[in-house]
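As the structure is a prediction and not an experimental result, all values here were calculated from the model. Below, read A as the first sequence line, B as the second, and so on, with proteins coming before strands; counting in each chain starts at 1.
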2 protein chains.
Amino acid sequence: MQPTSSKKQSPNHKNKSYHHGNLRQALLDAALDIIAENGLSALTLRQTASRAGVSHAAPKRHFASVLDLYAAIAEDGYCKLRNYLQERIAKRSDASLSQVLAILGVAYVEFAIANPALFRAMFHSALADRSTPHSVEVAAGKTLDILVSTIEQGQEAGVIRKGYAPDLALCAWSLVHGLAVLSVDRQISNRRFSSEDPLKLARELVEQFYLGLRP
Amino acid sequence: MQPTSSKKQSPNHKNKSYHHGNLRQALLDAALDIIAENGLSALTLRQTASRAGVSHAAPKRHFASVLDLYAAIAEDGYCKLRNYLQERIAKRSDASLSQVLAILGVAYVEFAIANPALFRAMFHSALADRSTPHSVEVAAGKTLDILVSTIEQGQEAGVIRKGYAPDLALCAWSLVHGLAVLSVDRQISNRRFSSEDPLKLARELVEQFYLGLRP
DNA sequence: CCTACCGATCGGTAGG
DNA sequence: CCTACCGATCGGTAGG
């Protein structure tokens with residue numbers, strides 16, 4: 001996967017008027033750059049506008065507040081995550097349902113480590129304080145559906161134990177989400193765990209603990 | 001467990017001079033109140049001082065910056081978490097090592113849900129952006145040691161599979177940390193999961209998935 | 001989408 | 001630990 005990056009301006013095309021082809025996307029890219037470089041607390045509308053090369057009044061058309069900006073980042077992030085998960089499954093079309101579950105779990109951690117700023121922003125608690133916008137709910141639901149439907153198929157095939165599929169999905173999600181969060185927040189690398197590579201640990205973890213999903 | 005709360009001033013004792021018996025603790029309590037009410041982004045030194053009833057210059061003696069304040073909250077939080085985990089184990093002195101592991105896992109989620117503001121602050125990514133202060137590392141290490149030593153004892157007793165204990169501890173930690181984070185961030189209650197009570201889910205989750213720790 | 005303003009709030013400091 | 005300042009930055013808005 002490729003890191004999100006921003007091209008400030010078109011190189012030789014009418015530099016005088018800053019009318020972007022897609023200012024909204026430019027602002028989203030700029031926001032992720034800011035978060036990646038200076039952390040979540042550094043994200044302001046003014047900084048975002050400045051980095052995107054527009055005046056501080058310009059973002060108003062697209063994002064009424066920083067919370068709206070966060071929501072857009074989260075929605076975009078869930079879409080990217082969903083695409084990444086689906087790509088990973090598509091590459092292994094011969095995999096069994098149990099293997100697909102493992103692939104999803106590892107891919108989730110991969111995504112978080114490859115896009116730490118995006119991942120942090122997606123789960124930033126500022127979003128949770130207010131009621132989550134509907135657009136974010138929808139995007140998150142679609143992404144989570146991949147996991148739920150895989151589990152349901154596994155139940156039909158008899159390789160996953162009975163139970164309410166969304167609950168089992170939450171268990172599987174919690175496991176890899178915890179590892180992803182601890183990795184992104186540097187809680188792991190700072191300590192004395194043997195595996196310097198969190199992905200290696202993710203594979204072992206998924207392999208061992210997803211036993212809890214079997215009949 | 002009792003929520004952290006702050007007593008602003010002594011009721012009838014020399015109200016003119018705001019010399020607290022323990023300003024540092026009063027500031028920590030005020031900070032948690034602010035986070036609980038208005039979120040992490042609302043925490044500033046000035047607001048903290050104001051809520052503690054002192055001038056905005058007063059905190060300087062105790063916390064040079066907001067990051068120092070966060071570090072102190074995190075250090076305090078790890079100590080509280082450790083005490084809570086040990087209390088929970090002490091109440092069930094007859095439990096087997098496998099049961100102790102399950103108790104620790106559920107208690108971790110309980111702590112997060114009972115102290116959401118503290119839990120969020122402990123893992124606030126602002127801490128992770130900078131190198132974690134040594135005092136926080138020490139407090140976190142002591143807390144994590146409860147889990148590691150339990151696993152080591154379980155390995156000696158033959159009820160936990162072989163392997164580098166800190167790695168196994170990280171697996172167990174990731175599982176409950178993921179559920180705790182998703183609960184605190186309201187990612188669970190908003191969706192279609194059946195269990196309205198995250199603690200009920202935590203018990204099932206720990207019971208099923210800690211199977212991955214068995215030989 | 002820009003410039004030129006505004007009031008509010010922040011961290012910081014001098015002096016007591 | 002307080003008061004009284006300071007420069008910087010923020011979100012917001014009027015007018016083009």
* To do: Can you tell me which stems DNA chain D forms, taking runs of 3 or more consecutive Watson-Crick or G-U pairs with both distances under 3.5 Å?
  =>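 DNA chain D forms these stems: C:1-16 with D:1-16.
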* How about B:His124 and B:Phe119: are their ring centres within less than 6.0 Å of each other? ->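 Here the rings of B:Phe119 and B:His124 have centres that are no less than 6.0 Å from each other.
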* What does nucleotides 3-8 of chain D look like as a protein-contact string, B for base, S for sugar-phosphate only, - for none, at under 4.0 angstrom between heavy atoms? -> BB----
* Heavy atoms, side chains only, cut-off 4.5 Å: are B:Thr48 and B:Pro59 in contact? ->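 A side-chain contact under 4.5 Å is absent here.
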* Asked: Is it true that A:Arg120 and B:Asp129 have a side-chain N and a carboxylate O under 4.0 angstrom from each other?
  ->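 Looking at B:Asp129 together with A:Arg120, the answer is yes, because their closest N to O distance falls below 4.0 Å.
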* Less than 4.0 Å between a side-chain N and a carboxylate O, is that true for B:Arg51 and B:Glu37? ->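 Between B:Arg51 and B:Glu37 there is a salt bridge, with a charged N closer than 4.0 Å to a carboxylate O.
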* For D:dT9, take OP1 and OP2 only and decide whether either is under 4.0 Å from a side-chain N or O of A:Gln47. =>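 For D:dT9, OP1/OP2 do not have a side-chain N/O of A:Gln47 under 4.0 Å.
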* Asked: If you look at every heavy atom in A:Thr143 and A:Tyr78, which pair is closest and at what distance?
  ->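 Scanning both residues completely, I find the closest heavy atoms to be OG1-O, 2.9 Å.
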* Taking only heavy atoms on the protein side, list every residue of residues 59-69 of chain B lying under 4.0 Å from any atom of DNA chain C, sorted numerically. =>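 When residues 59-69 of chain B is checked for heavy atoms under 4.0 Å from DNA chain C, the hits, listed by number, are B:Lys60, B:Ala64, B:Val66.
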Could you check whether any side-chain N or O of [X] sits under 3.5 Å from a backbone N or O of [Y], counting only pairs where one atom can act as donor and the other as acceptor?
X	Y	result
B:Ser125	B:Ala128	no
A:Ser93	A:Ile89	no
B:Tyr70	B:Met122	no
A:Asn115	A:Leu118	no

* Give a yes or no on whether B:Glu207 atom CD has more than 12 heavy-atom contacts from other residues, nucleotides or ligands under 6.0 Å away. =>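 No - once you tally the heavy atoms of other residues, nucleotides and ligands closer than 6.0 Å, there are 12 at most.
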* To do: Report the distance from atom CG of B:Leu43 to atom P of C:dT9, rounded to the nearest whole Å.
  =>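 It works out to 16 Å between those atoms.
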* Asked: Whole-Å distance between C:dT9 C1' and B:Ile34 CD1?
  ->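 It is 14 Å, rounded to the nearest whole Å.
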